[in-house]
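As the structure is a computational prediction, the values presented were derived from the model and not from experiment.
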Amino acid sequence: MDRIDEESQTPAPPVTFTGRKTLVAAAVAVVLIAGALLIRPARTGDDARPPEPSERAASAVGMGAPAAAVDVTALVADREKWLAAHPDDDASWAVLGSAYLERARRTADSGWFPKAEKALKRSLEVRPAEKGNFDAMTGMGALANARRDFGTARKWGELVRAQAPKRWTAYPVLVDAYTGLGDYKGAQQAMELLLEMRPGLAAYVRASQVYRDRGWREDAVVAMEHAAGAAKAPAEKAYALFRLGELSWERGDATEALRQYEGALRTDPAQAQALGGRARVLAALGRGGEAVRDYRMALGRTPVPQLARELGELLESLGRAQEARAQYDALATMAARDSGNGVDDHVVLGLYEADHGDAAAAVKRLSQEWSRHKSVQVADALGWALHQAGEDAAALEYAKKATEPGLRSADFAYHRAMIEQGLGDEEAARRHLQEAMRTNPHFSPLRGPLAKEALAAIAAPPPGGPENIRPTAPWVEPELPKAAKPTPTPDPKATPDPKATPAPTPSGR
């Protein structure tokens with residue numbers, strides 16, 4: 001036992017490698033490394049170098065996220081060069097089509113839409129839809145949504161879902177399509193499935209939109225904050241901040257909206273939508289000159305009819321009628337350009353015609369739009385056009401369709417109030433004017449002051465209301481008669497004994 005204990009305490013001799021042993025160990029290491037590479041080959045993500053601009057844009061486009069303008073340009077050049085030598089690469093045609101679509105979104109140049117359609121259709125020629133060309137089908141759906149052709153977008157989205165129910169990229173297309181068609185229940189169901197399958201920027205943006213349409217403002221803000229947190233690139237972050245600014249503006253918080261818009265512009269100076277939002281807020285804060293400057297800069301980057309209408313109305317409110325007319329003419333030119341590229345601008349055109357042009361033409365245009373898309377936006381615009389054309393009874397039905405599903409909009413409330421006033425229902429008009437002022441008192445440089453004037457004219461309720469039934473003296477508690485003590489009823493079965501001694505009074509124990 002002593003010898004064993006002594007040997008156990010003796011340290012083992014050091015291992016020494018001879019030349020032969022070293023060669024054997026090196027050979028074993030090479031074999032192990034080679035085996036590991038066979039089991040797990042090298043991947044793109046193993047490269048420590050940062051992704052190239054085209055790779056960044058391809059990743060963003062594939063995830064349904066905004067991409068930086070320079071990255072999109074690089075992606076377009078890269079895929080065009082590749083396809084010149086490989087014209088039968090269906091996947092690259094789908095990527096190129098989606099890149100064209102993203103460029104159209106960034107620049108608001110609808111001329112990119114036909115190019116996107118051509119590339120996506122070429123991808124489907126090489127690999128048809130029935131063979132599972134899901135990227136091209138999803139791209140076609142996204143393109144239809146961008147053109148506001150929501151019925152076609154729904155068909156593409158549902159086709160992808162039918163073939164591959166677990167493919168998450170179909171669901172952003174479906175949420176947007178159902179929303180544009182006025183199917184808000186379907187939009188919510190598609191959004192919930194998207195959140196289950198792929199929580200991330202695209203899902204949180206759609207969730208915020210669905211919650212907003214339902215009137216759940218706090219939920220909409222929280223979802224968009226999640227989107228900002230999920231953003232991985234400056235363009236994605238800036239877009240989420242812009243949308244947070246829109247939510248703040250819609251609830252009348254001009255200061256918070258300005259903070260979010262400026263945050264978006266600091267993150268991505270090319271975010272022209274945030275520039276237009278900042279112009280809207282500056283006008284509400286009485287900084288008209290700065291607002292005009294920002295509107296002109298935004299229109300220089302993204303010439304869209306809605307911004308031209310907003311600038312025209314701001315200039316009109318500032319007494320600059322000639323400049324306003326130039327913007328209204330530009331609006332018509334932009335809408336004609338968009339129409340030639342397959343874009344549906346009927347809502348903004350109808351609202352412009354109802355306020356500044358031919359109301360009867362607006363009714364005709366928006367009635368056709370309602371036959372295709374039964375969203376709250378179309379219902380509101382058609383109701384307002386009917387009011388401007390003098391058809392208030394019919395207008396009220398559409399105003400109710402716009403305001404009752406839940407979306408809280410100062411514009412919608414104002415339109416309904418004016419329709420109700422036209423019908424002589426001042427009680428309802430007062431209620432909805434108050435709602436408009438409570439939601440966003442600066443909702444329009446032209447209609448906002450008119451709403452305040454209308455509310456002041458009908459603010460007091462008619463005689464006989466609550467102010468005439470209030471007591472003139474303090475309330476005094478009346479004296480009520482005291483209740484008499486009850487007389488006990490004798491038991492007819494009991495026979496009293498005249499000689500009996502009265503029972504003693506209970507002691508209360």
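Each of His432, Arg431, Met437 was evaluated against Glu435; a single residue qualifies, His432, per the side chain to side chain contact (heavy atoms under 4.5 Å, CB included) test.
Without hydrogens or angle criteria, Thr138 side chain to Phe134 main chain gives a donor-acceptor distance under 3.5 Å. Counting only distance, with no hydrogens or angles, the side chain of Ser339 and the backbone of Ala335 share no donor-acceptor pair below 3.5 Å.
Salt bridge absent: Glu420 and Arg430 never bring a charged side-chain N and a carboxylate O closer than 4.0 Å. Between Arg278 and Glu290 there is no salt bridge, since none of the side-chain N atoms of the basic residue sits less than 4.0 Å from a carboxylate O of the acidic one. Salt-bridge check for Glu323 with Arg296: passed, with a basic side-chain N closer than 4.0 Å to an acidic carboxylate O. No salt bridge links Arg280 with Asp294; every basic N to acidic carboxylate O contact stays at or beyond 4.0 Å. By the 4.0 Å N-to-carboxylate-O rule, Arg206 lies close enough to Asp176 to be salt-bridged with it. By the 4.0 Å N-to-carboxylate-O rule, Arg106 lies too far from Glu102 to be salt-bridged with it. Salt-bridge check for Glu256 with Arg259: passed, with a basic side-chain N closer than 4.0 Å to an acidic carboxylate O.
Every residue two or more places apart in sequence or in another chain was checked for a ring-ring contact (aromatic ring centres under 6.0 Å, His included) with His442, and none qualifies.
The CG atom of Leu174 lies 9.5 Å from the CG atom of Leu194; values are rounded to the nearest 0.5 Å. The distance from the OH atom of Tyr352 to the CG atom of Asp345 is 14.0 Å, given to the nearest 0.5 Å. Note that the CG atom of Leu386 and the CD atom of Glu391 stand 5.0 Å from one another [nearest 0.5 Å]. Rounding to the nearest 0.5 Å places CZ of Arg251 at 5.5 Å from CG of Asp253. One finds the CD atom of Glu310 at 10.5 Å from the CG atom of Leu331 (value rounded to the nearest 0.5 Å).
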Atom pairs and distances, side-chain donor-acceptor, residues 395-405, under 3.5 Å, sequence neighbours left out:
residue : atom : partner : partner atom : Å
Thr403  : OG1  : Ala399  : O            : 2.9
Thr403  : OG1  : Arg416  : NH1          : 2.8

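Side-chain contact check for Ser110 and Asp338: at least one donor-acceptor pair (N or O, by modelled atom type) lies under 3.5 Å. The closest side-chain donor-acceptor pair between Gln273 and Tyr239, if any, does not fall under 3.5 angstrom. Checking Arg243 against Gln260 by side-chain atom types alone, no donor-acceptor pair falls below 3.5 Å. Arg103 and Thr73 are linked by a side-chain donor-acceptor pair at a separation below 3.5 angstrom, with hydrogens and angles left out of the test. A side-chain N or O of Asp213 and one of Gln209 form a donor-acceptor pair less than 3.5 Å apart. In this model, no donor atom of one side chain and acceptor atom of the other lie less than 3.5 Å apart for Gln327 and Tyr295.
The aromatic rings of His415 and Trp384 sit parallel to each other, their planes meeting at less than 30°, with 60° as the upper class boundary.
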Checking Glu369 against Arg372 for the salt bridge (charged side-chain N to carboxylate O under 4.0 Å, His left out) test, could you report, in this order, the C-alpha distance in whole Å, the side-chain angles of both residues, the deciding distance, and whether it holds?
CA-CA 5 Å; Glu369 182 70 3; Arg372 295 186 294 269; 2.7 Å; yes
Walk me through whether Glu117 and Lys121 qualify under salt bridge (charged side-chain N to carboxylate O under 4.0 Å, His left out).
CA-CA 6 Å; Glu117 182 178 8; Lys121 284 185 174 179; 3.0 Å; yes
Would you check, one step at a time, whether the test salt bridge (charged side-chain N to carboxylate O under 4.0 Å, His left out) holds for Arg365 with Glu353?
CA-CA 10 Å; Arg365 178 188 302 278; Glu353 290 170 340; 3.0 Å; yes
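Residues Arg309 and Leu349 fail the side-chain proximity criterion, which asks for heavy atoms closer than 4.5 Å. By the 4.5 Å heavy-atom criterion applied to side chains, Leu201 and Pro66 are counted as neighbours. In this structure, His346 and Val378 have side chains that are not in contact, with every pair of non-hydrogen atoms separated by 4.5 Å or more. Side-chain contact check for Glu316 versus Leu318: every heavy-atom pair is 4.5 Å or farther apart. Proximity of Tyr414 to Leu450: side-chain heavy atoms (C-beta onward) are separated by under 4.5 Å at one or more points.
Counting all heavy atoms, side chain and backbone alike, Tyr211 lies closest to Ala220 at CB-N, 3.7 Å. The heavy-atom pair separating Ala389 from Val363 by the smallest distance is CB-CG2, 4.1 Å. Contact record, Ser367 with Leu382: OG-CD1, 3.7 Å, taken as the closest heavy-atom pair.
For His356 and Tyr328, the distance between ring centers is under 6.0 angstrom. Centroid-to-centroid, the aromatic rings of Tyr178 and Tyr184 stay 6.0 Å apart or farther.
More than 12 heavy atoms of other shown residues, nucleotides or ligands fall within 6.0 angstrom of atom NZ in Lys374.
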